[in-house]
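Sequence positions, counted from 1, serve as the residue numbers for this chain. Read the numbers this way: they start at 1 and go in the same order the structure lists the ligands and their atoms. Side chains included, hydrogens not; waters and symmetry mates left out as well; all remaining heavy atoms used.
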Amino acid sequence: MPSWIRQKLRFLAIQKPFAKLFGPLYRQNHYRIEIDIIYACNLTCPNCDRSCSQVSSDERMSVEQIEKFVSQSTQQGRRWEQVALLGGEPTLHPDLLGMVEMLLSYKKTFYPPVRIQVVTNGNGTYVERVIKRLPAEVEVRNSHKTTQCQRFYPVHLAPIDYPGYRFADYTNGCDNVKLCGLGLTPYGYYTSAVGGAIDRIFGFDVGRKTLPDVVDQMLEQRKLLCRYCGYFRRDEREATDRLRLSAAWQKAFARYQVERPKLSRY
Ligand code: SF4
């Protein structure tokens, strides 16, 4: 099917009447998770979907929070297919190796098939040195970035700033919830890690403090967070190295600069 027809069909499918009839387009994947352990990065890519370039900060997860994640996972009997550590640049977290050990102990004692991953930009000698120290059981997803001008889809174009999305049903989410799964940030569990990064800037403080059940579609989070997410405009987005900011994001960044939102920790 030509891509323009697919785009039109998807645009129709995300409108309220369709969602009411058929339910959300994407189901939450409860067997993959992206854990954002740090929001600092050694690069400043303009359209970073965790907003690390616009507001790099000292917010980071603690080893205790990873311990809590492992304990909630085992208590619920969750057999993760994939657990990925990201950021920001995860190798900059001083406790990365300790966190990895905890996840490997979950793998060893609870569910050996799980893939434990570290997602890195691979940029610079410090990052390279940390990567070399990671245990062999860890998969390294290295994007080998060499410059800060990476082309990304413009996540900071909020659909609510565009009249065409007036009747959109945001509980649809996007394919991230299916492909990447849940997000976990210092502030809790989210429908996607990108959603968690939106909450960090807008300050709704909606992160869940316990691991959501496998039937939970996290729709109340999508309804709120996807309104601000450029990925919701899935078929219109084009990768670019030029910073794109719609009005809602400009205001949110301005508010953040005046006072950083206070979110409750996980
Ligand atoms: S916040 Fe963005 S990435 Fe997350 S589900 Fe919504 S549209 Fe997708």
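Taking a cut-off of 2.8 Å, the protein N, O or S atoms nearer than that to atom 6 (Fe) of ligand 1 are Cys226 SG.
You'll find the side chain of Phe18 stays beyond 4.5 Å of the side chain of Asp169, heavy atoms only.
Residues that satisfy the ring pair (Phe, Tyr, Trp, His ring centres under 6.0 Å) test with Phe253, not counting sequence neighbours, are His156, Trp249. Listed by chain and residue number, nothing satisfies the salt bridge (Lys or Arg N to Asp or Glu O under 4.0 Å) test with Glu101 (two or more places apart in sequence, or in another chain). By the side-chain contact (heavy atoms from CB on, under 4.5 Å) test, Asp161 pairs with Ala158, Ser246, Ala247, Ala248, sequence neighbours left out.
Defined by atom type and a distance below 3.5 Å, a donor-acceptor pair is missing between the side-chain atoms of Tyr126 and Glu89. In the model, Asp205 has a side-chain atom that pairs as donor or acceptor with a side-chain atom of Ser264 under 3.5 Å.
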